[in-house]
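Right, one structure below, let's go through it.
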Amino acid sequence: MASATTLRSTLSDEELQKLVALTKDVDSIELKLTVPERAQLFAIRALGLDPLQAQLRQVFFFDTPDLVLDGAGVVVRARRSQKKGDDSVVKLRPVVPSEMPPSLRRSPNFGIELDASPKGFVVSGSCKGVPAEGSVLEAASGRKKLRKLFSKEQQALYTEHAPEGVVLDDLSVLGPLFCLKLKSTPEGFNRRLVTEMWFYPDGSRILELSTKCEPAEAFQVAAETRAFLTSKEIDLGGEQAMKTRTALEYFAKSFKNGSKKAATGAKRAKSTRAKAATKASEKSAAS
(Lines give C-alpha, C1' and ligand atoms only; values in the text may rest on other atoms or scores of the structure.)
Protein backbone atom coordinates (compact mmCIF):
# COMPACT_ATOMS: atom_id res chain seq x y z
CA MET A 1 0.00 0.00 0.00
CA ALA A 2 1.37 3.40 -0.91
CA SER A 3 2.02 5.55 2.11
CA ALA A 4 2.78 9.23 2.43
CA THR A 5 6.37 8.37 3.33
CA THR A 6 6.73 5.91 0.45
CA LEU A 7 5.34 8.33 -2.11
CA ARG A 8 7.50 11.19 -0.92
CA SER A 9 10.63 9.03 -1.01
CA THR A 10 9.99 7.58 -4.49
CA LEU A 11 8.78 10.72 -6.26
CA SER A 12 10.78 13.73 -7.35
CA ASP A 13 9.76 17.15 -6.03
CA GLU A 14 8.11 17.90 -9.37
CA GLU A 15 6.18 14.62 -9.36
CA LEU A 16 5.08 15.16 -5.77
CA GLN A 17 3.78 18.63 -6.63
CA LYS A 18 1.91 17.09 -9.56
CA LEU A 19 0.39 14.45 -7.29
CA VAL A 20 -0.79 17.02 -4.76
CA ALA A 21 -2.33 19.11 -7.55
CA LEU A 22 -4.09 16.07 -9.03
CA THR A 23 -5.71 15.12 -5.73
CA LYS A 24 -7.75 18.33 -6.00
CA ASP A 25 -9.18 17.39 -9.41
CA VAL A 26 -10.05 13.69 -9.04
CA ASP A 27 -13.26 12.17 -7.71
CA SER A 28 -11.62 9.46 -5.62
CA ILE A 29 -8.29 7.88 -4.74
CA GLU A 30 -7.53 4.17 -4.50
CA LEU A 31 -4.44 3.04 -2.62
CA LYS A 32 -3.12 -0.30 -3.87
CA LEU A 33 -0.54 -2.89 -2.96
CA THR A 34 0.21 -6.17 -4.72
CA VAL A 35 1.64 -8.94 -2.56
CA PRO A 36 4.36 -11.24 -3.99
CA GLU A 37 3.22 -14.84 -4.63
CA ARG A 38 5.62 -16.16 -2.01
CA ALA A 39 3.86 -14.05 0.66
CA GLN A 40 0.24 -14.34 -0.47
CA LEU A 41 -0.85 -17.22 1.75
CA PHE A 42 0.70 -15.54 4.79
CA ALA A 43 -1.05 -12.27 3.98
CA ILE A 44 -4.45 -13.96 3.64
CA ARG A 45 -4.01 -15.68 7.01
CA ALA A 46 -2.63 -12.58 8.72
CA LEU A 47 -5.63 -10.51 7.63
CA GLY A 48 -8.08 -13.21 8.68
CA LEU A 49 -9.65 -13.45 5.23
CA ASP A 50 -12.14 -16.19 4.34
CA PRO A 51 -11.94 -17.08 0.61
CA LEU A 52 -15.39 -18.70 0.76
CA GLN A 53 -16.88 -15.27 1.41
CA ALA A 54 -15.36 -13.86 -1.79
CA GLN A 55 -17.29 -13.00 -4.92
CA LEU A 56 -16.33 -14.93 -8.05
CA ARG A 57 -15.78 -12.82 -11.15
CA GLN A 58 -15.04 -13.58 -14.80
CA VAL A 59 -13.16 -10.79 -16.58
CA PHE A 60 -12.91 -10.13 -20.32
CA PHE A 61 -10.79 -7.50 -22.04
CA PHE A 62 -11.28 -6.40 -25.65
CA ASP A 63 -8.42 -5.14 -27.81
CA THR A 64 -6.56 -5.96 -31.00
CA PRO A 65 -4.05 -8.85 -30.88
CA ASP A 66 -1.21 -6.30 -30.89
CA LEU A 67 -2.89 -4.12 -28.21
CA VAL A 68 -3.51 -1.03 -30.34
CA LEU A 69 -6.10 0.26 -27.85
CA ASP A 70 -3.75 -0.18 -24.93
CA GLY A 71 -1.12 1.80 -26.80
CA ALA A 72 -3.65 4.61 -27.22
CA GLY A 73 -4.52 4.62 -23.52
CA VAL A 74 -7.94 2.99 -23.95
CA VAL A 75 -9.09 -0.03 -21.93
CA VAL A 76 -12.30 -1.88 -22.81
CA ARG A 77 -13.51 -4.45 -20.31
CA ALA A 78 -16.59 -6.45 -19.32
CA ARG A 79 -17.23 -8.67 -16.30
CA ARG A 80 -19.59 -11.30 -15.02
CA SER A 81 -19.97 -11.27 -11.25
CA GLN A 82 -21.50 -13.92 -9.05
CA LYS A 83 -24.87 -12.81 -7.59
CA LYS A 84 -24.40 -9.32 -9.04
CA GLY A 85 -24.70 -9.53 -12.82
CA ASP A 86 -22.75 -8.04 -15.70
CA ASP A 87 -20.95 -4.72 -16.00
CA SER A 88 -18.79 -2.97 -18.59
CA VAL A 89 -16.36 -0.08 -18.72
CA VAL A 90 -14.52 2.07 -21.21
CA LYS A 91 -11.49 3.50 -19.44
CA LEU A 92 -8.99 6.18 -20.47
CA ARG A 93 -5.57 5.99 -18.84
CA PRO A 94 -3.81 8.25 -18.19
CA VAL A 95 -5.96 11.36 -18.29
CA VAL A 96 -5.58 14.99 -17.24
CA PRO A 97 -8.72 15.79 -15.23
CA SER A 98 -8.82 19.45 -16.28
CA GLU A 99 -8.91 18.42 -19.94
CA MET A 100 -12.03 16.28 -19.60
CA PRO A 101 -15.20 17.90 -21.03
CA PRO A 102 -17.46 19.36 -18.29
CA SER A 103 -20.45 17.48 -19.72
CA LEU A 104 -18.59 14.20 -19.28
CA ARG A 105 -17.49 15.09 -15.75
CA ARG A 106 -21.12 15.73 -14.83
CA SER A 107 -22.25 12.31 -16.01
CA PRO A 108 -23.18 9.97 -13.13
CA ASN A 109 -21.61 7.13 -15.13
CA PHE A 110 -18.18 8.77 -15.43
CA GLY A 111 -15.57 9.16 -12.75
CA ILE A 112 -11.92 10.12 -12.46
CA GLU A 113 -9.79 8.13 -10.04
CA LEU A 114 -6.17 8.31 -9.00
CA ASP A 115 -4.54 4.94 -8.31
CA ALA A 116 -1.48 5.10 -6.08
CA SER A 117 0.93 2.29 -5.21
CA PRO A 118 4.56 2.02 -4.08
CA LYS A 119 5.37 2.02 -7.82
CA GLY A 120 3.83 5.46 -8.43
CA PHE A 121 0.46 6.83 -9.47
CA VAL A 122 -1.79 7.11 -12.51
CA VAL A 123 -5.06 8.93 -13.16
CA SER A 124 -7.81 7.25 -15.17
CA GLY A 125 -11.29 8.20 -16.35
CA SER A 126 -13.92 5.45 -16.44
CA CYS A 127 -17.32 5.37 -18.07
CA LYS A 128 -19.32 2.49 -16.59
CA GLY A 129 -22.33 0.62 -17.88
CA VAL A 130 -24.66 -2.23 -16.97
CA PRO A 131 -25.48 -4.46 -19.96
CA ALA A 132 -28.41 -6.86 -19.97
CA GLU A 133 -27.86 -9.95 -17.84
CA GLY A 134 -26.13 -12.69 -19.79
CA SER A 135 -24.90 -10.30 -22.49
CA VAL A 136 -21.21 -10.55 -21.58
CA LEU A 137 -21.12 -14.32 -22.03
CA GLU A 138 -23.07 -14.07 -25.30
CA ALA A 139 -20.74 -11.40 -26.70
CA ALA A 140 -17.60 -13.23 -25.58
CA SER A 141 -18.92 -16.37 -27.26
CA GLY A 142 -19.58 -14.52 -30.52
CA ARG A 143 -23.37 -14.72 -30.28
CA LYS A 144 -23.82 -10.96 -29.81
CA LYS A 145 -22.07 -7.87 -31.15
CA LEU A 146 -19.54 -6.43 -28.71
CA ARG A 147 -21.06 -2.97 -28.99
CA LYS A 148 -24.22 -4.32 -27.35
CA LEU A 149 -22.31 -4.46 -24.08
CA PHE A 150 -21.80 -0.72 -24.03
CA SER A 151 -24.17 2.23 -23.67
CA LYS A 152 -24.35 5.03 -26.23
CA GLU A 153 -22.35 7.17 -23.81
CA GLN A 154 -19.62 4.52 -23.59
CA GLN A 155 -19.58 4.02 -27.35
CA ALA A 156 -19.24 7.77 -27.94
CA LEU A 157 -16.28 7.94 -25.55
CA TYR A 158 -14.69 4.95 -27.28
CA THR A 159 -15.16 6.45 -30.76
CA GLU A 160 -13.61 9.72 -29.66
CA HIS A 161 -10.46 8.19 -28.18
CA ALA A 162 -9.86 4.90 -30.02
CA PRO A 163 -7.44 4.98 -32.99
CA GLU A 164 -9.15 5.54 -36.32
CA GLY A 165 -10.35 2.34 -37.94
CA VAL A 166 -10.37 0.27 -34.74
CA VAL A 167 -14.05 -0.64 -34.58
CA LEU A 168 -15.59 -1.87 -31.34
CA ASP A 169 -17.26 -4.90 -32.96
CA ASP A 170 -13.96 -6.00 -34.53
CA LEU A 171 -11.99 -6.25 -31.28
CA SER A 172 -10.60 -9.58 -30.12
CA VAL A 173 -11.74 -11.17 -26.87
CA LEU A 174 -8.87 -11.36 -24.40
CA GLY A 175 -9.96 -13.71 -21.68
CA PRO A 176 -11.56 -14.81 -19.62
CA LEU A 177 -9.67 -14.46 -16.38
CA PHE A 178 -11.10 -15.54 -13.06
CA CYS A 179 -10.94 -13.36 -9.99
CA LEU A 180 -11.98 -13.58 -6.35
CA LYS A 181 -13.01 -10.30 -4.71
CA LEU A 182 -13.54 -9.90 -0.98
CA LYS A 183 -14.56 -6.78 0.95
CA SER A 184 -13.74 -6.82 4.64
CA THR A 185 -12.92 -4.70 7.65
CA PRO A 186 -10.04 -6.51 9.38
CA GLU A 187 -9.70 -6.21 13.13
CA GLY A 188 -7.59 -3.18 13.97
CA PHE A 189 -8.37 -1.39 10.71
CA ASN A 190 -11.31 1.00 10.64
CA ARG A 191 -11.61 1.16 6.87
CA ARG A 192 -12.99 -1.11 4.16
CA LEU A 193 -10.22 -3.27 2.69
CA VAL A 194 -10.74 -4.86 -0.71
CA THR A 195 -8.80 -8.01 -1.56
CA GLU A 196 -8.62 -9.32 -5.13
CA MET A 197 -6.94 -12.50 -6.28
CA TRP A 198 -6.52 -12.75 -10.05
CA PHE A 199 -5.76 -16.12 -11.60
CA TYR A 200 -3.93 -16.21 -14.94
CA PRO A 201 -4.01 -19.13 -17.41
CA ASP A 202 -0.29 -19.81 -16.93
CA GLY A 203 -0.85 -20.55 -13.24
CA SER A 204 0.43 -17.23 -11.90
CA ARG A 205 -1.56 -15.10 -9.45
CA ILE A 206 -1.80 -11.47 -8.43
CA LEU A 207 -3.03 -10.62 -4.94
CA GLU A 208 -4.00 -6.97 -4.59
CA LEU A 209 -5.02 -5.13 -1.43
CA SER A 210 -6.72 -1.78 -1.81
CA THR A 211 -8.75 0.86 -0.05
CA LYS A 212 -10.51 3.94 -1.37
CA CYS A 213 -10.62 7.38 0.18
CA GLU A 214 -11.53 10.98 -0.45
CA PRO A 215 -8.80 13.06 -2.12
CA ALA A 216 -8.43 15.35 0.91
CA GLU A 217 -7.56 12.45 3.22
CA ALA A 218 -5.26 10.52 0.87
CA PHE A 219 -1.92 11.02 2.63
CA GLN A 220 -3.37 10.37 6.10
CA VAL A 221 -5.16 7.20 4.99
CA ALA A 222 -2.04 6.01 3.20
CA ALA A 223 0.02 6.38 6.37
CA GLU A 224 -2.60 4.61 8.52
CA THR A 225 -2.97 1.76 6.03
CA ARG A 226 0.76 1.23 5.80
CA ALA A 227 1.03 1.16 9.59
CA PHE A 228 -1.74 -1.44 9.81
CA LEU A 229 -0.26 -3.72 7.16
CA THR A 230 3.19 -3.40 8.70
CA SER A 231 1.75 -4.47 12.07
CA LYS A 232 0.46 -7.60 10.31
CA GLU A 233 3.94 -8.19 8.81
CA ILE A 234 2.57 -7.92 5.27
CA ASP A 235 5.35 -7.66 2.67
CA LEU A 236 5.27 -4.06 1.40
CA GLY A 237 8.50 -4.18 -0.55
CA GLY A 238 7.65 -6.63 -3.32
CA GLU A 239 7.57 -5.82 -7.01
CA GLN A 240 4.26 -4.19 -7.91
CA ALA A 241 2.23 -5.82 -10.70
CA MET A 242 -0.69 -4.26 -12.57
CA LYS A 243 -3.64 -6.63 -13.03
CA THR A 244 -4.82 -5.22 -16.37
CA ARG A 245 -1.32 -4.79 -17.81
CA THR A 246 -0.40 -8.37 -16.89
CA ALA A 247 -3.59 -9.71 -18.46
CA LEU A 248 -3.22 -7.77 -21.72
CA GLU A 249 0.42 -8.76 -22.14
CA TYR A 250 -0.36 -12.40 -21.43
CA PHE A 251 -3.11 -12.62 -24.04
CA ALA A 252 -1.14 -10.60 -26.61
CA LYS A 253 1.71 -13.10 -26.23
CA SER A 254 -0.76 -15.97 -26.58
CA PHE A 255 -2.09 -14.47 -29.82
CA LYS A 256 1.44 -14.09 -31.12
CA ASN A 257 2.40 -17.65 -30.25
CA GLY A 258 -0.86 -18.93 -31.71
CA SER A 259 -0.19 -17.12 -35.00
CA LYS A 260 3.30 -18.59 -35.17
CA LYS A 261 1.95 -22.09 -34.58
CA ALA A 262 -0.73 -21.57 -37.22
CA ALA A 263 1.84 -20.30 -39.71
CA THR A 264 4.18 -23.20 -38.93
CA GLY A 265 1.32 -25.67 -39.30
CA ALA A 266 0.29 -24.18 -42.64
CA LYS A 267 3.88 -24.28 -43.86
CA ARG A 268 4.23 -27.95 -42.86
CA ALA A 269 0.91 -28.82 -44.51
CA LYS A 270 1.97 -27.07 -47.71
CA SER A 271 5.30 -28.93 -47.67
CA THR A 272 3.52 -32.26 -47.11
CA ARG A 273 1.14 -31.60 -49.99
CA ALA A 274 4.04 -30.66 -52.26
CA LYS A 275 5.92 -33.85 -51.36
CA ALA A 276 2.82 -35.95 -51.97
CA ALA A 277 2.26 -34.29 -55.35
CA THR A 278 5.89 -34.87 -56.36
CA LYS A 279 5.72 -38.50 -55.29
CA ALA A 280 2.48 -39.02 -57.21
CA SER A 281 4.01 -37.37 -60.28
CA GLU A 282 7.10 -39.57 -60.09
CA LYS A 283 4.93 -42.66 -59.70
CA SER A 284 2.81 -41.67 -62.70
CA ALA A 285 5.90 -41.07 -64.86
CA ALA A 286 7.39 -44.43 -63.86
CA SER A 287 4.24 -46.26 -64.86
Side-chain angles (χ1 to χ4, degrees), residues 30 32 34-35 37 40-41 43-44 49-65 67 69-70 74-93 109 111 113 115 124 126-151 154-155 157-158 162 168-184 192-210 212 241-258:
E30 186 168 17
K32 298 182 175 184
T34 56
V35 180
E37 285 198 35
Q40 289 176 1
L41 181 58
I44 291 171
L49 304 178
D50 182 359
L52 293 184
Q53 299 300 316
Q55 179 190 70
L56 178 63
R57 289 180 162 188
Q58 193 177 38
V59 185
F60 298 87
F61 293 96
F62 307 102
D63 205 327
T64 64
L67 304 183
L69 286 184
D70 178 58
V74 180
V75 177
V76 181
R77 186 196 69 207
R79 295 184 300 207
R80 304 173 64 220
S81 299
Q82 185 181 39
K83 298 181 180 180
K84 185 178 179 181
D86 297 352
D87 67 84
S88 64
V89 68
V90 174
K91 181 179 293 189
L92 309 178
R93 184 168 57 195
N109 303 314
E113 184 171 81
D115 292 339
S124 60
S126 300
C127 188
K128 300 179 180 180
V130 183
E133 187 173 352
S135 294
V136 172
L137 184 59
E138 290 183 351
S141 302
R143 301 194 302 270
K144 178 176 283 192
K145 296 291 187 181
L146 289 181
R147 68 174 182 273
K148 297 296 185 179
L149 300 179
F150 304 95
S151 66
Q154 288 175 305
Q155 291 182 42
L157 185 66
Y158 174 87
L168 194 56
D169 280 335
D170 294 340
L171 299 177
S172 297
V173 178
L174 309 183
L177 292 174
F178 288 93
C179 165
L180 292 177
K181 180 177 181 178
L182 177 63
K183 296 180 180 180
S184 64
R192 177 68 62 85
L193 184 70
V194 176
T195 305
E196 291 190 42
M197 177 76 85
W198 282 45
F199 300 89
Y200 295 85
D202 62 358
S204 61
R205 306 183 306 273
I206 288 181
L207 177 65
E208 179 188 87
L209 307 176
S210 66
K212 289 189 177 184
M242 298 177 66
K243 305 188 301 293
T244 297
R245 163 63 51 194
T246 302
L248 292 175
E249 290 181 349
Y250 172 83
F251 287 113
K253 184 177 179 181
S254 296
F255 267 111
K256 186 176 181 180
N257 291 340

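For the numbers below, each heavy atom of this structure counts, side chains included, while hydrogens, waters and symmetry mates do not. Residue numbers count from 1 along this sequence.
Between the side chains of Arg79 and Gln58, no donor N or O sits under 3.5 Å from an acceptor N or O. Neither side chain, Lys128 nor Ser88, offers a donor N or O lying under 3.5 Å from an acceptor on the other.
Of the possible donor and acceptor atoms, none in the side chain of Ser126 sits under 3.5 Å from a partner among the backbone N and O of Gly111. Between the side chain of Gln40 and the main chain of Val35, a donor-acceptor pair closer than 3.5 Å is present. Formation of a donor-acceptor pair under 3.5 Å by the Gln55 side chain with backbone atoms of Leu182 is not found in this model. Side-chain atoms of Gln154 come within 3.5 Å of backbone N or O of Cys127 as a donor-acceptor pair. Checking side-chain atoms of Ser135 against main-chain N and O of Pro131 turns up no donor-acceptor pair under 3.5 Å. At least one donor-acceptor pair under 3.5 Å links the side chain of Ser254 to the backbone N or O of Tyr250. Side chain of Gln155 to main chain of Arg147: a donor-acceptor pair is present (N/O by atom type, distance under 3.5 Å, no hydrogens or angles). The backbone N or O of Glu133 lies less than 3.5 Å from no partner atom in the side chain of Asp86, so there is not a single donor-acceptor pair. At least one donor-acceptor pair under 3.5 Å links the side chain of Asp169 to the backbone N or O of Leu146.
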Between Val74 and Lys91, does a side chain to side chain contact (heavy atoms under 4.5 Å, CB included) hold up when you go through it step by step?
-> CA-CA 6 Å; Val74 180; Lys91 181 179 293 189; over 6 Å; no
Give the intermediate values and the outcome of side chain to side chain contact (heavy atoms under 4.5 Å, CB included) for residues Lys181 and Thr195.
-> CA-CA 6 Å; Lys181 180 177 181 178; Thr195 305; over 6 Å; no
Begin with the C-alpha distance, continue with both residues' side-chain angles, and end with the deciding distance and a verdict on side chain to side chain contact (heavy atoms under 4.5 Å, CB included) for Asp63 and Val76.
-> CA-CA 7 Å; Asp63 205 327; Val76 181; over 6 Å; no
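The one candidate from Leu174, Asp87, Val90 that meets the side-chain contact (heavy atoms from CB on, under 4.5 Å) condition with Arg77 is Asp87. Between Ser210 and the choices Glu196, Arg192, Glu30, Lys32, the side-chain hydrogen bond (donor to acceptor under 3.5 Å, both in side chains) rule is met once, by Glu30.
Annotation: the span from Phe62 atom CZ to Leu248 atom CG amounts to 11.5 Å, rounded to 0.5 Å. Here the CD1-CG distance, from Ile44 to Leu207, works out to 5.5 Å after rounding to the nearest 0.5 Å. Note: Leu168 CG to Tyr158 OH = 5.5 Å, rounded to the nearest 0.5 Å. To the nearest 0.5 Å, the span separating CG on Leu67 from CZ on Phe255 amounts to 9.5 Å. Between atom CG of residue Leu49 and atom NZ of residue Lys183 there is a gap of 14.5 Å, rounded to the nearest 0.5 Å.
When all heavy atoms of Gly175 and Phe251 are compared, the closest pair comes out as CA-CZ, 3.4 Å.
Salt bridge Arg245/Asp70: present, at least one basic N to carboxylate O contact under 4.0 Å. Salt bridge status for Lys253 with Glu249: absent, with no side-chain N to carboxylate O gap under 4.0 Å. Taking 4.0 Å as the cut-off between side-chain N and carboxylate O, Lys212 and Glu113 count as a salt-bridged pair.
The closest side-chain heavy-atom distance from Phe199 to Leu177 is not below 4.5 Å.
At most 12 heavy atoms of other shown residues, nucleotides or ligands fall within 6.0 angstrom of atom NZ in Lys148.
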